[in-house]
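Below: one structure, written as structure tokens.
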Amino acid sequence: MIQAILVFNNHGKPRLVRFYQRFPEEIQQQIVRETFHLVLKRDDNICNFLEGGSLIGGSDYKLIYRHYATLYFVFCVDSSESELGILDLIQVFVETLDKCFENVCELDLIFHMDKVHYILQEVVMGGMVLETNMNEIVAQIEAQNRLEKSEDQVLG
Amino acid sequence: MWGFLPIGKQAISSAAGTSGVSSSKSKEAEIKRINKELANIRSKFKGDKALDGYSKKKYVCKLLFIFLLGHDIDFGHMEAVNLLSSNRYTEKQIGYLFISVLVNSNSELIRLINNAIKNDLASRNPTFMGLALHCIASVGSREMAEAFAGEIPKVLVAGYVDTMDSVKQSAALCLLRLYRTSPDLVPMGDWTSRVVHLLNDQHLGVVTAATSLITTLAQKNPEEFKTSVSLAVSRLSRIVTSASTDLQDYTYYFVPAPWLSVKLLRLLQCYPPPDPAVRGRLTECLETILNKAQEPPKSKKVQHSNAKNAVLFEAISLIIHHDSEPNLLVRACNQLGQFLQHRETNLRYLALESMCTLASSEFSHEAVKTHIETVINALKTERDVSVRQRAVDLLYAMCDRSNAPQIVAEMLSYLETADYSIREEIVLKVAILAEKYAVDYTWYVDTILNLIRIAGDYVSEEVWYRVIQIVINRDDVQGYAAKTVFEALQAPACHENLVKVGGYILGEFGNLIAGDPRSSPLIQFHLLHSKFHLCSVPTRALLLSTYIKFVNLFPEVKPTIQDVLRSDSQLRNADVELQQRAVEYLRLSTVASTDILATVLEEMPPFPERESSILAKLKKKKGPSTVTDLEDTKRDRSVDVNGGPEPAPASTSAVSTPSPSADLLGLGAAPPAPTGPPPSSSGSGLLVDVFSDSASVVAPLAPGSEDNFARFVCKNNGVLFENQLLQIGLKSEFRQNLGRMFIFYGNKTSTQFLNFTPTLICSDDLQPNILGFITKPVDPTVEGGAQVQQVVNIECVSDFTEAPVLNIQFRYGGTFQNVSVQLPITLNKFFQPTEMASQDFFQRWKQLSNPQQEVQNIFKAKHPMDTEVTKAKIIGFGSALLEEVDPNPANFVGAGIIHTKTTQIGCLLRLEPNLQAQMYRLTLRTSKEAVSQRLCELLSAQF
């Protein structure tokens with residue numbers, strides 16, 4: 001199961017945070033900071049897996065992360081997930097973002113935070129992998145967009 | 001709209017760059033802006049003018065963003081809940097998002113939220129149903145499970161959603177989430193067989209979700225789902241053998257449905273190898289996966305190799321799990337061997353990890369061993385600590401008698417440069433391997449001393465206790481150990497742990513090397529004493545014990561040692577323990593004859609065999625699964641261990657001697673004991689042998705003594721017995737596994753008691769577990785109105801149930817009197833309270849979940865149910881009273897450790913009062929059934 005999905009920039013500013021295991025709000029922030037410090041000190045081309053920080057449960061959990069330009073995407077998972085599978089899932093998520101936003105950048109994550117959440121919800125649900133087929137995900141998002149447009153037209 | 005922050009405007013997929021820098025100044029500005037924005041939103045929400053849907057959506061979205069930045073959001077929940085019941089999809093959507101991210105346990109709102117969810121689930125509108133299912137899965141609370149666990153299975157297998165794949169997919173995962181939170185609330189039923197058939201569904205997304213669900217359910221209910229095995233195999237077979245284009249959208253970088261393959265392989269790991277018919281097909285699949293790994297890649301992209309290898313690693317896991325096909329196991333091992341040298345760090349990491357499990361299979365252990373050089377090389381050259389850590393784990397797993405010297409040597413040399421975070425673990429591993437595979441114990445001693453030299457700070461007590469125990473139990477290594485520690489101590493700067501080991505070993509076996517003039521007694525003494533002033537108090541205390549042992553071993557150094565003990569820095573040391581030892585040892589060396597010295601300070605007896613506490617420590621550090629394997633094989637040949645607080649350098653025979661353990665009791669007592677005859681002469685004079693066969697004339701227990709006995713469970717002082725003639729009062733103190741009890745006999749009459757003889761009787765059952773002895777007989781004549789005192793020393797060897805009996809016989813005015821009372825020496829007296837946080841408490845509570853570890857008693861209150869009195873009783877019982885641990889403040893929880901000589905037993909207790917029924921429920925959890933049982937009996941009688 002995925003415990004948490006954390007996206008933050010090179011300075012540790014959170015850009016997307018989703019916890020699937022309940023933590024008090026201040027602990028959530030501490031986990032983001034702890035995770036940031038754990039991945040920040042790692043070189044770019046070493047392995048993408050490391051043991052979880054103490055706040056999130058230590059060595060029972062793994063942090064699986066990828067670093068794209070200004071953003072770190074970190075998934076915290078338990079032993080029931082395949083490491084490489086999650087690594088690919090991050091890629092699917094980012095590629096989907098890229099398709100939906102056309103050259104997605106950090107700014108999109110801020111201005112369209114709701115959209116980013118909706119895209120994530122098509123990929124991961126309550127900590128479990130929901131859909132991995134990018135075309136299917138994009139189709140769902142496009143359907144949502146159409147629905148939104150039609151509502152705007154009908155109800156103004 | 002946002003404008004809070006400087007942000008990177010660079011495309012994520014482009015090369016690395018910089019984004020805005022947050023200085024403390026901009027941080028202040030940010031807070032200011034956010035507060036202003038929050039005030040604005042609040043006023044909009046509170047304002048008279050009803051907000052239109054768009055504005056509500058906008059503001060809720062802003063709140064989410066502010067929450068993301070780490071600011072508390074204490075309003076807006078109600079507005080979000082209102083959005084849930086909107087008919088507009090986009091408003092509903094943002095409402096659900098807010099709830100999923102920000103919901104708190106506000107019960108009022110939960111009811112409203114559940115209501116909205118219920119409506120949407122019943123709407124048969126797939127989009128709305130999807131939103132509702134998402135929300136349930138995100139919150140996943142017990143309240144949600146209570147409300148919907150019965151509903152979701154219906155949605156999952158309902159006929160009308162046949163066409164709605166996305167709803168089925170969401171329902172499967174939603175149910176999985178609820179099952180994880182509250183398995184007791186998800187009813188098994190007809191739906192289970194229909195879920196299994198979802199493995200045949202046309203939509204691969206549905207199959208993936210169903211596989212996740214079945215995998216989790218099958219772990220707890222294997223019978224119910226066993227038909228899934230053949231379905232999973234045939235599904236897997238269809239994927240693996242298909243041309244990658246068959247699966248169209250589910251092909252990821254030329255790999256057909258990698259996620260589903262991984263999930264199916266995981267599901268199969270819940271079951272043993274299937275029947276021959278199915279097994280043939282599965283073996284074919286696994287072989288195909290292994291073959292594909294050898295084919296040239298269809299794409300240079302890393303995504304292609306990732307996806308392909310994700311499947312491959314999962315297939316290898318399944319092969320290892322089945323552990324039945326030697327052919328496949330060897331192929332798996334060769335494949336992992338290739339990965340060990342792969343240029344991708346991720347693959348090297350995963351290969352090391354998988355090989356660890358492979359090493360424990362008898363078919364492949366030898367094959368794994370062939371990679372030893374590569375693994376050692378990884379330890380030396382990997383840049384990433386995560387990978388090096390896996391290399392250490394693998395070396396530990398592949399170690400056996402044939403390669404132990406090499407592996408231990410490599411680990412030792414790695415230790416010199418290892419990351420601080422993993423040093424302690426490596427130390428434990430080296431210590432375990434060195435002991436387990438020692439053929440030659442001189443090698444073992446060298447290894448441990450090296451360990452202390454290289455990483456002394458990371459060598460825990462368990463490790464150095466252990467080397468001492470092994471040396472004491474094996475006489476073939478004692479001379480070598482003495483020589484080696486002597487040499488190691490020559491170093492100008494040596495670690496304190498080495499001083500401890502050195503002090504202990506030379507104190508026991510220094511005589512074995514004293515013949516060599518280079519290590520004569522005096523040189524040994526000066527060498528140790530040169531370290532004395534640099535050491536901490538516990539080490540100095542240990543060294544003082546070494547010195548008194550030297551007095552016995554080498555009479556010629558006695559004057560030198562007496563001079564040292566006599567010096568002001570010892571006799572007047574500010575530390576009570578050191579001062580006491582100096583005083584007692586000096587006195588002992590002065591007054592005792594050589595015979596007595598030889599008896600009191602005789603060589604340590606061998607330690608009893610027990611499970612290694614080092615292994616226990618490693619298990620605690622790494623979780624049980626990683627070390628059980630080794631442990632099983634280990635138990636047979638494990639030598640012994642002492643988990644005790646300090647290995648007592650003096651004899652521990654059942655006599656009061658100034659051994660460090662006994663002199664804990666020496667506080668305020670008469671001068672040190674050795675003024676009497678040798679302890680072996682039982683019953684003569686000073687030491688009353690409590691095990692003498694006086695039981696035949698013992699009176700039955702005095703009436704009423706049971707009640708009195710119970711009163712002493714939670715307190716230590718008071719009147720134990722009283723009749724017209726005699727009063728018996730008690731005052732006792734306990735520390736760790738030792739106790740001391742002062743018994744006061746009061747003659748209430750005006751006439752003398754003659755032949756007054758108290759005797760302590762331990763029954764045969766009790767005798768091996770508890771040692772009690774009266775230190776001094778009382779005068780046989782007790783004058784009228786006088787009170788006499790007697791001291792009993794107690795040592796708890798292991799847990800016990802019965803209590804010793806005190807029998808008193810005397811003559812009063814020509815009649816013979818005989819009184820027996822139970823002495824309130826109960827197991828809980830050896831409690832040491834342990835404070836712990838709520839999280840730790842419940843974690844340990846869960847660890848002690850075997851049925852035999854728990855004892856529960858439900859009983860009626862015999863006394864008024866007063867909170868303060870109850871608290872005092874629990875504290876008096878000896879455990880720590882833990883506040884704010886139990887979610888229900890009316891309950892009491894406690895924790896402590898029972899100290900016995902042989903072991904320490906952690907105990908957790910929980911007392912739940914029910915005022916209305918005037919009942920209590922008491923639950924005890926300890927690692928030992930008899931202990932749980934006894935403590936529960938004792939404490940239940942108190943309320």
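Every chain is numbered from 1 and lettered A, B, ... according to where its sequence line falls, protein lines coming before strand lines.
- Sorted by first and then second residue, the pairs that involve residues 255-267 of chain B and meet side-chain hydrogen bond (donor to acceptor under 3.5 Å, both in side chains), not counting sequence neighbours, are B:R266-B:E314.
- When heavy atoms are compared at a cutoff of 4.5 Å, A:L50 approaches chain B by way of both its backbone and its side chain.
- Residue contact with chain A, scored on non-hydrogen atoms closer than 4.5 Å, is absent for B:C135.
- Here CG of A:D114 is found 13.0 Å from NZ of B:K62. Values are rounded to the nearest 0.5 Å.
- For a residue to count as touching a neighbouring chain, one of its non-hydrogen atoms must lie under 4.5 Å from one of that chain's; by this rule B:L350 touches chain A with the side chain only.
- Across B:T345, B:D384, B:N346, a single residue satisfies side chain to side chain contact (heavy atoms under 4.5 Å, CB included) together with A:N48, and that is B:N346.
- Proximity to chain A is absent for every atom of B:R348, based on heavy atoms less than 4.5 angstrom apart.
- Of the two parts of B:L347, only the side chain, counted from C-beta on, holds a non-hydrogen atom closer than 4.5 Å to a non-hydrogen atom of chain A.
- When heavy atoms are compared at a cutoff of 4.5 Å, A:E148 approaches chain B by way of both its backbone and its side chain.
- Within the 4.5 angstrom heavy-atom criterion, atoms from both the backbone and the side chain of A:E81 approach chain B.
- At a 4.5 Å heavy-atom cutoff, B:T216 makes no contact with chain A through either its backbone or its side chain.
- Looking at B:F98, there are no atoms closer than 4.5 Å to chain A (heavy atoms on both sides), in backbone or side chain.
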- Task: For side-chain contact (heavy atoms from CB on, under 4.5 Å), just list the numbers for B:N306 and A:Q91, CA-CA rounded to whole Å, side-chain angles, deciding distance to a tenth of an Å, and then say yes or no.
- Result: CA-CA 11 Å; B:N306 271 355; A:Q91 178 71 19; over 6 Å; no
- Task: Give the intermediate values and the outcome of side-chain contact (heavy atoms from CB on, under 4.5 Å) for residues A:M125 and B:Q169.
- Result: CA-CA 10 Å; A:M125 170 171 170; B:Q169 229 169 322; over 6 Å; no
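- When heavy atoms are compared at a cutoff of 4.5 Å, B:H203 approaches chain A solely by way of its side chain, counted from C-beta outward.
- Only the side chain of B:Y349 comes within contact range of chain A, with heavy atoms under 4.5 Å apart.
- Proximity to chain B involves both the backbone and the side chain of A:D88, based on heavy atoms less than 4.5 angstrom apart.
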- Query: Can you check side-chain hydrogen bond (donor to acceptor under 3.5 Å, both in side chains) on B:Q93 and A:Q144, steps first, answer last?
  - Reply: CA-CA 10 Å; B:Q93 194 184 27; A:Q144 286 179 19; 3.0 Å; yes
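- Of the inter-residue distances, the one linking A:M128 atom CE with B:C174 atom SG reads 7.5 Å to the nearest 0.5 angstrom.
- To the nearest 0.5 angstrom, B:L69 atom CG is 8.0 Å from A:Q29 atom CD.
- Contact annotation for A:L87: only side-chain heavy atoms (C-beta onward) come within less than 4.5 Å of a heavy atom of chain B.
- Both the backbone and the side chain of B:S138 come within contact range of chain A, judged by heavy atoms closer than 4.5 Å.
- If you measure heavy-atom distances from A:K115 to chain B, you find no contacts under 4.5 Å at all.
- A 4.5 Å side-chain heavy-atom check between A:E25 and B:D72 finds at least one atom pair inside the cut-off.
- Taking OH of B:Y252 as the start and CE of A:M134 as the end, the distance is 6.0 Å to the nearest 0.5 Å.
- Rounding to the nearest 0.5 Å places CG of B:L68 at 10.0 Å from CD of A:Q28.
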- Working for side-chain contact (heavy atoms from CB on, under 4.5 Å), residues A:E131 and B:S166: CA-CA 9 Å; A:E131 185 55 76; B:S166 67; over 6 Å; no
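- Side-chain contact between A:R42 and B:S386: present, with at least one pair of heavy atoms (C-beta onward) separated by less than 4.5 Å.
- Looking at A:R66, only its side chain comes within 4.5 Å of chain B, counting heavy atoms on both sides.
- Contact of A:Y118 with chain B is made through the side chain alone, with heavy-atom distances under 4.5 Å.
- Contact annotation for B:A209: neither backbone nor side-chain heavy atoms come within less than 4.5 Å of a heavy atom of chain A.
- Looking at B:S170, the atoms closer than 4.5 Å to chain A (heavy atoms on both sides) sit in the backbone and in the side chain alike.
- For chain B, no part of A:D108 is nearby; none of its heavy atoms comes within less than 4.5 Å.
- Taking the side chain as every heavy atom from C-beta outward, A:T132 and B:T208 never approach each other to under 4.5 Å.
- Taking CG of B:L97 as the reference point, atom CG of A:L120 lies at 10.0 Å (rounded to 0.5 Å).
- Other residues, nucleotides and ligands place no more than 12 heavy atoms under 6.0 Å from the CG atom of B:N87.
- With a 4.5 angstrom heavy-atom cutoff, A:V32 does not touch chain B via any of its atoms.
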